[in-house]
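A short worksheet on the structure shown next.
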Amino acid sequence: MDTPRRFVVLSQPRTGSTLLCSLLNSHPGVRALVEPINPRGHAHHMKPVQGSRCLLPEIMVQNNLPRALRILFAAEAPPTQWILSKKTATAAAGFKIMAHQIQALKSEQVFWDYLVQEKIPVVLCFRYNILMQYVSDLITQATRQAACWDGNVRTAKVTVNVAGLEGEFKRIITEKTYLIEKCEQLNLERRRIKYEDFKDD
């Protein structure tokens, strides 16, 4: 099988990157995995549920990242015991990864070095309106709270840490700057996608 074109989607939460991967996956020859490199101890949603096969083995991600990347970029689908996707990639193979997931790697520099050495093009996926991204992120965090759900019925029991609001906004800006500056410093081939929340007709 011919080597597919490789790519990485670099993004932040609530920027439309999952939707972008879904659109890419609608092409029969393209495989765009959603966050397969996801250090599990970094946030609550990174702890795999029982029977989940959405993540690469943690030991490989942290101790042999180049091998993990080679598997993700291969034309054949990754082993199904690791990634629950049997789709091959005759045209293109890639995945999405968040800024905080890259920074959580023990071998963060190895990740960037691999992109440079292998000449992997990147897609920067950002939200045009940072304020709307901020609000969307806060809503997502709030609705993940256990007290916000009563069975399958959403309630109004949400707590917001007001003291942390400024820090959350700074985090969004810092992560966005981190991704842009890394790509510029390393001179990576890149495309930038920003979508608007509101657009005049």
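Just so you know, these numbers use all the heavy atoms, side chains as well, and skip hydrogens, waters and symmetry mates.
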Could you walk me through whether Lys96 and Cys125 pass the side-chain contact (heavy atoms from CB on, under 4.5 Å) check? CA-CA 10 Å; Lys96 152 189 151 177; Cys125 188; over 6 Å; no
Starting from the C-alpha separation in whole Å, work towards a yes-or-no answer on side-chain contact (heavy atoms from CB on, under 4.5 Å) for Leu105 and Gln62. CA-CA 6 Å; Leu105 293 168; Gln62 295 292 22; 4.1 Å; yes
Working note: Glu189 + Lys119, criterion side-chain contact (heavy atoms from CB on, under 4.5 Å); need CA distance, chi angles, decisive distance, verdict. CA-CA 8 Å; Glu189 179 187 344; Lys119 299 180 180 179; over 6 Å; no
Begin with the C-alpha distance, continue with both residues' side-chain angles, and end with the deciding distance and a verdict on side-chain hydrogen bond (donor to acceptor under 3.5 Å, both in side chains) for Asp113 and Gln109. CA-CA 6 Å; Asp113 289 344; Gln109 189 57 47; 2.9 Å; yes
Could you walk me through whether Glu118 and Phe73 satisfy the side-chain contact (heavy atoms from CB on, under 4.5 Å) test, starting with their C-alpha distance in whole Å, then the side-chain angles of each, then the deciding distance to 0.1 Å, before giving a yes or no? CA-CA 11 Å; Glu118 297 295 320; Phe73 288 130; over 6 Å; no
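Arg14 has no carboxylate O lying under 4.0 Å from a charged side-chain N of Glu168, or vice versa, which leaves the two without a salt bridge.
Side-chain contact between Leu20 and Ser11 is absent, with no heavy-atom pair separated by less than 4.5 Å. In this structure, Trp112 and Gln185 have side chains that are not in contact, with every pair of non-hydrogen atoms separated by 4.5 Å or more. Considering only heavy atoms from C-beta on, Leu10 stays 4.5 Å or farther from Lys182 through its side chain. No side-chain heavy atom of Leu65 sits under 4.5 Å from any side-chain heavy atom of Lys106. Between Arg190 and Glu184 the shortest side-chain heavy-atom distance falls below 4.5 Å. Using a 4.5 Å heavy-atom threshold, the side chains of Leu69 and Ile37 count as touching. Put simply, the side chain of Pro121 does not reach to within 4.5 Å of the side chain of Arg191, judged on heavy atoms. Using a 4.5 Å heavy-atom threshold, the side chains of Lys176 and Ile130 count as touching.
Grouping the Ile, Leu, Val, Met, Phe, Trp and Tyr side chains by contacts below 4.5 angstrom, directly or via other members, places Val61 with Val110. Clustering ILVMFWY residues whenever any of their side-chain heavy atoms sit less than 4.5 angstrom apart, transitively, puts Phe95 in the very cluster that holds Val122. In the hydrophobic cluster analysis, where Ile, Leu, Val, Met, Phe, Trp and Tyr join through side-chain heavy atoms closer than 4.5 angstrom, Leu124 is grouped together with Leu186. Each of Leu23 and Phe7 belongs to its own hydrophobic cluster when Ile, Leu, Val, Met, Phe, Trp and Tyr are linked at side-chain heavy-atom distances under 4.5 angstrom.
Atom CD in Glu76 sits 10.5 Å away from atom OG1 in Thr90 (nearest 0.5 Å). In this structure, Ile180 CD1 and Phe126 CZ are separated by 4.0 Å, a value rounded to the nearest 0.5 Å. The structure places OH of Tyr134 at 10.5 Å from CZ of Arg171, a figure rounded to the nearest 0.5 Å.
Minimum heavy-atom separation, Pro4 to Ala89: CB-O, 3.1 Å. When every heavy atom of Pro13 is checked against every heavy atom of Glu175, the shortest pair comes out as CD-OE1, 4.3 Å. For the pair Pro66 and Tyr114, the tightest heavy-atom approach, listed with the atom from each and the gap, is O-CE1, 4.0 Å.
Residue Arg5 qualifies as open at atom CZ: its count of foreign heavy atoms under 6.0 Å is 12 or below.
Among Leu179, Ile173, Thr174, the one residue that satisfies the side chain to side chain contact (heavy atoms under 4.5 Å, CB included) test with Thr177 is Ile173. Exactly one residue among Cys21, Ser17, Ser22 makes a side chain to side chain contact (heavy atoms under 4.5 Å, CB included) with Val34. That residue is Cys21. Evaluated for a side chain to side chain contact (heavy atoms under 4.5 Å, CB included) with Val8, the options Ile102, Leu115, Leu188 yield exactly one hit, Leu115.
Between the side chain of Arg31 and the backbone N or O of Leu72, at least one donor-acceptor pair lies under 3.5 Å. Gln12 places a side-chain N or O within donor-acceptor distance of the main-chain N or O of Ile172, the cut-off being under 3.5 Å. With hydrogens and angles ignored, the 3.5 Å screen pairs no side-chain donor or acceptor of Lys87 with any backbone N or O of Ala77.
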